[in-house]
A.B. asks: 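This structure is in structure tokens; I'll ask about it shortly.
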Amino acid sequence: MPTSAMPESGRGAPEKSRMSPKSIALWTAVALVGAIGWAVLALSRGEEISAVWLVMAALGSYAIAYRFYSRFIARRVLELDDTRATPAERLEDGVDYHPTDRRVLFGHHFAAIAGAGPLVGPVLAAQMGYLPGTVWIIAGVIFAGAVQDMIVLFLSMRRDGKSLGQMVRDEIGKVGGAAALIGVFAIMIILLAVLAMVVVNALAESAWGTFSVTMTIPIALFMGFYLRYLRPGQVVETSFIGVGLLLLAILGGGWIQDSSLAEYFVWSPETLVFCLVGYGFVASVLPVWMLLAPRDYLSTFMKVGTIALMAVGVVIAAPTMKAESVTEFASTGAGPVFAGSLFPFLFITIACGALSGFHALVSSGTTPKLIQKESQVRLIGYGSMLTESFVAVMALIAACVLEPGLYYAMNSPAALLGPTVETASEAVKNLGFTITPDQLTAAAKAVEEQTLVGRSGGAPTLAVGMSEIFAGVFGGAGMKAFWYHFAIMFEALFILTTVDAGTRVGRFMLQDMLGNVWKPIGRVTWKPGIWITSALVVGAWGYFLYAGVTDPLGGIKQLFPLFGIANQLLAAVALAVTTTLLIKSGKLRWAWVTGIPLVWDVAVTFTAGWQKIFSADPKIGFFALRDTYAEAIDKGELLPGATNVDDMHTIVLNNTVDGVLMAVFLLLVLTVLVNCAVVCVRAVRSPVPLPSTEAPYVESRIDLPEQSDEALVGAGR
Amino acid sequence: MTARHARRWARTVLWYLRELTGEAEYDRYCERHRRHHPQAPVPSRREYDVLRTLHREAHPQGRCC
């Protein structure tokens with residue numbers, strides 16, 4: 001029987017606490033690599049630079065941050081203690097709690113936090129140029145995102161794996177707890193709607209994409225039955241078969257596109273919305289082994305494989321950045337992709353790649369129950385998030401290697417671009433960039449799509465960028481269409497996984513909440529209860545999805561800021577909780593570690609939220625836009641974007657709903673923040689420490705000399 | 001790179017994949033089961049998978065954005 005321990009290569013003598021000359025030389029070199037990368041980024045003015053400099057700046061900064069800042073947090077701030085037994089050791093039950101090898105857990109945790117967010121956000125943020133985005137993705141992850149993930153993971157681990165919501169309820173208060181619970185649920189609905197919209201925009205009117213993504217359902221079902229009845233438990237084997245079938249499905253899509261069957265797979269956005277909603281409902285009520293579990297395996301394999309491929313592609317192809325380093329939209333705020341100026345909207349748009357509130361839910365879920373040794377919080381919490389940030393950097397590169405003209409022709413709202421390549425070319429010219437109608441047609445033809453005009457949502461842009469990079473390394477220009485659809489498939493695959501899993505999680509949350517009011521609905525085995533709550537969750541995100549897809553002004557432009565603000569507000573909750581718990585445990589002098597990112601994040605989200613609600617500029621403010629269109633309806637006029645009176649009414653309704661939702665989010669988060677502030681003041685004034693739910697010290701019996709904190713430092717990132 | 005290196009490398013990758021996908025959980029479960037209930041028969045792979053899915057059914061794990 002194979003043991004769970006991997007043959008470990010022997011390590012040298014234990015490192016001394018003072019740095020050796022060799023290690024000083026190594027870290028000086030690493031610092032130099034990062035510094036050279038940054039210097040090239042900073043000094044290039046006007047000329048096109050290679051993406052390699054960006055990669056160097058990122059990797060150099062990550063290495064330094066991991067080696068020094070995360071170690072400082074581990075030792076000084078959190079005082080990680082490897083003699084203390086983790087919940088995985090104390091409560092080991094072989095199911096929820098069991099000590100897991102740190103490398104395996106790193107993979108688990110990374111697979112759970114990485115999704116479509118860091119791929120889409122940076123693509124949209126490329127509107128402001130690559131420089132502001134790069135700076136925020138790297139600085140944000142080092143000082144905010146990775147810190148949040150690591151400390152939430154630590155706090156949850158010290159509390160036997162409690163969820164963020166439970167920690168708020170137990171340690172902050174009932175009011176904050178209730179607000180956090182409702183907030184998390186509402187934020188998740190928007191998240192699912194926006195992600196689903198990315199899929200719809202990527203698949204609409206594309207026979208190839210629709211066919212290959214549809215095929216993932218029978219493939220997943222086949223894997224489910226194979227795993228359950230033919231080869232129980234052979235997950236690795238099944239996953240390889242699944243990935244093989246998936247690649248065949250991508251190739252098959254190309255064949256379908258050229259055959260007479262193509263018309264059956266060209267679906268309108270509205271049809272796709274109904275398919276997705278139906279799929280979401282069915283997937284969330286079917287047994288997990290049929291669809292959800294196998295899809296999860298597929299998506300993890302594809303995710304890790306593609307990200308590795310992308311890193312290799314970027315380094316080998318070393319593409320040149322065609323976008324400007326900072327565009328005029330950064331200061332004017334009049335960009336076509338998303339409205340608003342750099343502060344706060346760049347930070348809102350990038351979201352997950354630098355700081356993601358959602359990670360706080362994963363970091364306080366399964367992962368803390370599996371940690372073997374306290375010091376591993378550093379690799380798993382901080383390290384995984386650095387990797388995620390690197391994915392965001394690569395997405396940004398993929399968007400910036402495109403000709404700016406093509407980028408704007410793809411990402412501007414349809415209302416601006418008009419129906420044909422000629423009108424789109426004209427619209428791009430008005431924005432200050434050039435692309436001829438012939439170039440637009442050729443670009444679409446190269447990836448075998450009917451058109452690339454107005455394919456907003458981030459996924460198609462990323463896919464074109466990736467096909468550009470991959471084709472330069474593997475297979476040449478003839479493979480472009482394959483790589484494009486490979487990228488679309490890979491994004492759609494893990495967005496759909498998020499939609500399945502998210503709907504299910506949402507259903508449990510709703511059952512839990514409604515169960516307080518009416519007992520039977522809370523029972524997780526009562527079928528009608530499951531169906532009703534699933535339908536409610538699917539209906540909620542389905543509504544926003546439909547509204548977004550049919551929005552005459554472009555759903556991504558309208559809803560993506562809401563998604564970004566929601567995510568960053570959740571981060572504000574997580575950072576407020578971590579700051580409060582640090583202060584409660586008598587670490588006031590280290591409270592700045594999460595306090596500074598908290599203040600920054602609150603400034604960003606509340607400024608953005610405030611502008612979205614109260615701005616008099618109809619490009620930014622939901623209500624300002626609503627009023628403009630409502631007045632025009634009274635006067636019997638049609639405004640740009642609307643082709644008839646119904647469109648006008650849709651715009652008025654959508655903006656009212658979005659504005660109200662924005663206000664609700666802000667109020668819920670404000671409630672949690674005020675509650676946290678009260679607890680902080682109480683903790684500082686109290687002569688004795690306030691009660692904590694931290695589990696008492698128990699001595700660890702697991703002895704892992706080769707995995708001590710020092711050894712981890714030697715292991716690199 | 002010698003054949004021995006390649007084999008070792010392949011073994012490490014397989015070990016990692018088995019651990020990552022949870023395929024290796026069954027081995028761990030059996031070992032634990034034998035330790036705690038030496039008299040009781042160990043569940044078959046199929047029985048274990050049914051238990052595992054039931055557990056997963058009741059503990060949904062969210063995926064991130």
Side-chain angles (χ1 to χ4, degrees), chain A residues 1-4 6-7 92 94-96 98 100-101 103-104 107-108 111-118 188 191 194-195 227-229 232-236 239 287-289 292-293 296-297 299-301 351-352 356 358-359 361-362 365-366 494 497-498 500-502 504-505 507-508 524 563 567, chain B:
Chain A
M1 192 183 70
T3 60
S4 64
M6 193 186 88
E92 189 191 349
V95 186
D96 286 321
H98 56 86
T100 305
D101 183 280
R103 289 153 296 195
V104 173
H108 266 291
I113 63 169
M188 197 152 81
L191 173 111
V194 171
L195 288 180
L227 259 178
R228 183 134 174 133
Y229 296 107
Q234 299 299 320
V235 185
V236 175
S239 301
V288 281
W289 64 264
L292 189 132
D296 212 29
Y297 296 132
S299 141
T300 304
F301 267 72
C352 318
S356 176
F358 256 81
H359 296 184
L361 303 184
V362 177
T366 329
F494 60 69
T497 313
T498 308
D500 298 356
R504 209 173 262 269
V505 171
R507 181 191 102 199
F508 273 76
V524 288
F563 160 81
N567 186 324
Chain B
M1 190 140 99
T2 64
R4 233 183 79 216
H5 273 113
R7 259 205 308 279
R8 193 192 153 100
W9 195 77
R11 230 188 2 251
T12 308
V13 170
L14 185 67
W15 167 85
Y16 192 81
L17 289 178
R18 278 176 46 90
E19 289 284 334
L20 189 67
T21 53
E23 191 178 311
E25 268 170 23
Y26 175 64
D27 307 332
R28 200 162 40 233
Y29 183 86
C30 291
E31 193 242 339
R32 197 188 135 77
H33 190 93
R34 285 194 201 95
R35 217 158 6 102
H36 288 263
H37 316 280
Q39 306 300 321
V42 177
S44 73
R45 178 95 233 192
R46 201 168 295 217
E47 285 162 350
Y48 173 76
D49 274 7
V50 172
L51 287 176
R52 189 75 202 145
T53 356
L54 279 178
H55 179 263
R56 204 171 163 171
E57 201 87 56
H59 299 81
Q61 208 209 335
R63 291 280 166 193
C64 255
C65 39

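Everything numeric here is computed off the predicted structure, so don't read it as measured data. Every heavy atom of this structure was used, including side-chain atoms; hydrogens, water molecules and symmetry mates were not. Here is the naming used below: chain letters follow the sequence lines, and residue numbers restart at 1 for every chain.
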A.B. asks: Heavy atoms only, distances under 4.5 angstrom: which of A:Ala112, A:Ala111, A:Ala501, A:Ala114 has the most pairs with chain B? Name it, please.
C.D. replies: A:Ala112

A.B. asks: Test your reading of the model: is there a side-chain donor-acceptor pair from B:Asp49 to the backbone of A:Gly233, 3.5 Å cut-off?
C.D. replies: yes

A.B. asks: Roughly how far, to the nearest 0.5 Å, is the CH2 atom of A:Trp289 from the CZ atom of B:Arg56?
C.D. replies: 13.5 Å

A.B. asks: Under 4.5 Å from any heavy atom of chain A, what part of B:Arg46 do you find: side chain, backbone, both or neither?
C.D. replies: both

A.B. asks: Name all residues meeting the side chain to side chain contact (heavy atoms under 4.5 Å, CB included) criterion together with B:Ala40; count only those two or more places apart in sequence or in a different chain, and write none if there are none.
C.D. replies: B:His33, B:His37

A.B. asks: Heavy atoms only, distances under 4.5 angstrom: which of A:Val194, A:Asp500, A:Asp96 has the most pairs with chain B? Name it, please.
C.D. replies: A:Asp96

A.B. asks: Roughly how far apart are B:Glu19 CD and A:Thr100 OG1, rounded to 0.5 Å?
C.D. replies: 8.0 Å

A.B. asks: Using 0.5 Å steps for rounding, measure from the CD atom of B:Glu25 to the NE2 atom of A:His98.
C.D. replies: 5.0 Å

A.B. asks: If you round to the nearest 0.5 Å, how far is OG1 of B:Thr21 from CZ of A:Phe301?
C.D. replies: 6.0 Å

A.B. asks: Ignoring hydrogens and geometry, is there a side-chain-to-backbone donor-acceptor pair from B:Glu23 to A:Val235 under 3.5 Å?
C.D. replies: yes

A.B. asks: Where do B:Pro60 and A:Phe508 come nearest, in terms of heavy atoms and distance?
C.D. replies: CG-CD1, 3.5 Å

A.B. asks: Is it the backbone or the side chain of B:Ala58 that comes under 4.5 Å from a heavy atom of chain A, or both, or neither?
C.D. replies: backbone

A.B. asks: Taking A:Thr366, A:Leu195, A:Asn567 one by one, which has the highest count of heavy-atom pairs under 4.5 Å against chain B?
C.D. replies: A:Thr366

A.B. asks: What heavy-atom pair brings B:Arg52 and A:Val95 nearest, and what distance separates the two atoms?
C.D. replies: NH1-CG1, 3.6 Å

A.B. asks: What's the verdict on side chain to side chain contact (heavy atoms under 4.5 Å, CB included) for A:Val104 and B:Trp15, showing C-alpha distance, side-chain angles and the deciding distance?
C.D. replies: CA-CA 10 Å; A:Val104 173; B:Trp15 167 85; 3.8 Å; yes

A.B. asks: Select, from A:Val505, A:Thr498, A:Val288, the one with the greatest count of heavy-atom pairs under 4.5 Å involving chain B.
C.D. replies: A:Val288

A.B. asks: Using non-hydrogen atoms and a 4.5 Å limit, figure out which bit of B:Leu51 sits close to chain A: side chain, backbone, both or neither.
C.D. replies: neither

A.B. asks: Specify which of A:Leu292, A:Val236, A:Leu191, A:Val362 makes the most heavy-atom pairs with chain B at under 4.5 Å.
C.D. replies: A:Val236

A.B. asks: In this structure, are over 12 heavy atoms from other groups packed under 6.0 Å from B:Arg35 atom CZ?
C.D. replies: yes

A.B. asks: Would you mind reporting whether A:Gln234 and B:Arg18 have side-chain heavy atoms less than 4.5 Å apart?
C.D. replies: no

A.B. asks: Run B:Glu57 and A:Arg504 through salt bridge (Lys or Arg N to Asp or Glu O under 4.0 Å) and show every step you take.
C.D. replies: CA-CA 9 Å; B:Glu57 201 87 56; A:Arg504 209 173 262 269; 3.1 Å; yes

